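Below: the structure, in structure tokens.
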Amino acid sequence: MIALLVTWIVSAVALLIVTYILPGFKVDSFKTAMIAAVVIGLVNATLGFVLKLVTFPLTIITLGLFWFVVNALMLLLAAKLVNGFEISGFWMALIGGIVLGIVNAILRALLPGV
């Protein structure tokens, strides 16, 4: 249970870091980042999973690059669902998804056991 809470907080902090790095990302507060982290996780676990299954042949053809597109679409959907979380467009969501993944990986590497 503690690991889940720490993962949630790390994801929210990663989202806040991305808002400072990329001008097209906007998160109003830490509370909004916490809500957005949950929504991003739920969207990726449900709709994102289904889309990745359906688009698997295209992902194979593009050598995995199409998953970046799916992740960008999931970020845009999460931004539409959470008040106070905004992404300026598809390309910013695409870049933001990559940066978010890198920041998340760095934070998790710094916190053993997460």
Side-chain angles (χ1 to χ4, degrees):
M1 188 68 165
I2 297 294
L4 180 63
L5 181 62
V6 171
T7 300
W8 180 24
I9 292 170
V10 166
S11 296
V13 169
L15 191 57
L16 287 172
I17 291 171
V18 170
T19 63
Y20 288 112
I21 295 172
L22 297 176
F25 266 64
K26 180 184 171 216
V27 176
D28 287 344
S29 65
F30 184 71
K31 177 183 173 187
T32 302
M34 293 288 284
I35 294 168
V38 169
V39 172
I40 291 168
L42 290 173
V43 165
N44 275 328
T46 55
L47 185 59
F49 177 74
V50 171
L51 278 176
K52 285 179 181 177
L53 281 177
V54 170
T55 62
F56 188 70
L58 187 56
T59 302
I60 295 293
I61 292 169
T62 62
L63 303 175
L65 294 177
F66 194 73
W67 276 355
F68 290 117
V69 172
V70 172
N71 286 335
L73 293 173
M74 296 305 98
L75 273 176
L76 285 171
L77 177 60
K80 295 287 184 196
L81 295 173
V82 177
N83 290 329
F85 175 40
E86 299 174 14
I87 302 173
S88 63
F90 173 77
W91 292 107
M92 191 53 60
L94 186 70
I95 295 166
I98 294 167
V99 173
L100 185 62
I102 292 168
V103 170
N104 227 332
I106 291 169
L107 291 177
R108 289 173 191 256
L110 294 174
L111 295 170
V114 176

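What's counted below: heavy atoms across the whole structure, side chains too, no hydrogens, waters or symmetry copies. Please read all numbers here as calculations on a predicted model, not as lab measurements.
- Using a 4.5 Å heavy-atom cutoff, the side chains of T32 and N83 are not in contact.
- When all heavy atoms of L76 and A93 are compared, the pair lying nearest together is CG-CB, 3.7 Å.
- Considering all non-hydrogen atoms of both residues, V18 and G96 come closest at CG1-O, 4.4 Å.
- In this structure, OG1 on T59 lies 10.0 Å from CG on L51, to the nearest 0.5 angstrom.
- In this structure, L16 and Y20 approach most closely via the heavy-atom pair O-CD1, 3.0 Å.
- Dense packing is recorded around CG of D28, with more than 12 heavy atoms of other residues, nucleotides or ligands lying under 6.0 Å away.
- Taking all atoms of both residues into account, the shortest heavy-atom contact from G24 to M92 is CA-CG, 3.5 Å.
- Under the 4.5 Å side-chain heavy-atom criterion for grouping Ile, Leu, Val, Met, Phe, Trp and Tyr, I21 is connected to L110 within one hydrophobic cluster.
- Across every non-hydrogen atom of A36 and V82, the tightest pair is CA-CG2, 4.0 Å.
- Between L53 and F56 the shortest side-chain heavy-atom distance does not fall below 4.5 Å.
- The cluster map of Ile, Leu, Val, Met, Phe, Trp and Tyr, joined by side-chain heavy atoms under 4.5 Å apart, puts F90 and I40 in the same cluster.
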Worked verdict on I60 versus F66 for side chain to side chain contact (heavy atoms under 4.5 Å, CB included): CA-CA 8 Å; I60 295 293; F66 194 73; over 6 Å; no
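- Remark: the backbone N or O of A37 is not paired with any side-chain donor or acceptor of W8 at under 3.5 angstrom.
- The minimum heavy-atom distance between V27 and A33, with the atom names listed, is CG1-N, 3.6 Å.
- Side-chain contact between K52 and N71 is present, with at least one heavy-atom pair separated by less than 4.5 Å.
- In terms of hydrophobic clustering, with Ile, Leu, Val, Met, Phe, Trp and Tyr side chains grouped at heavy-atom distances under 4.5 Å, L94 and L100 are assigned to a common cluster.
- L58 contributes atom CG, which lies 5.0 Å from atom OG1 of T62 (distance to the nearest 0.5 angstrom).
- Cluster annotation: I9 is not connected to L4 through the hydrophobic network of ILVMFWY side chains, with a link wherever side-chain heavy atoms come within less than 4.5 Å.
- Side-chain atoms of L15 and F85, non-hydrogen and from C-beta on, do get closer than 4.5 Å to each other.
- Residues L75 and F25 have side chains in contact (heavy-atom distance under 4.5 Å, counting atoms from C-beta outward).
- One hydrophobic cluster, built from ILVMFWY side chains closer than 4.5 Å, holds both W91 and L73.
- In this structure, the side chains of T7 and R108 come closer than 4.5 Å at one or more pairs of heavy atoms.
- T55 has its side chain out of reach of V69: every pair of non-hydrogen atoms, C-beta onward, lies at least 4.5 Å apart.
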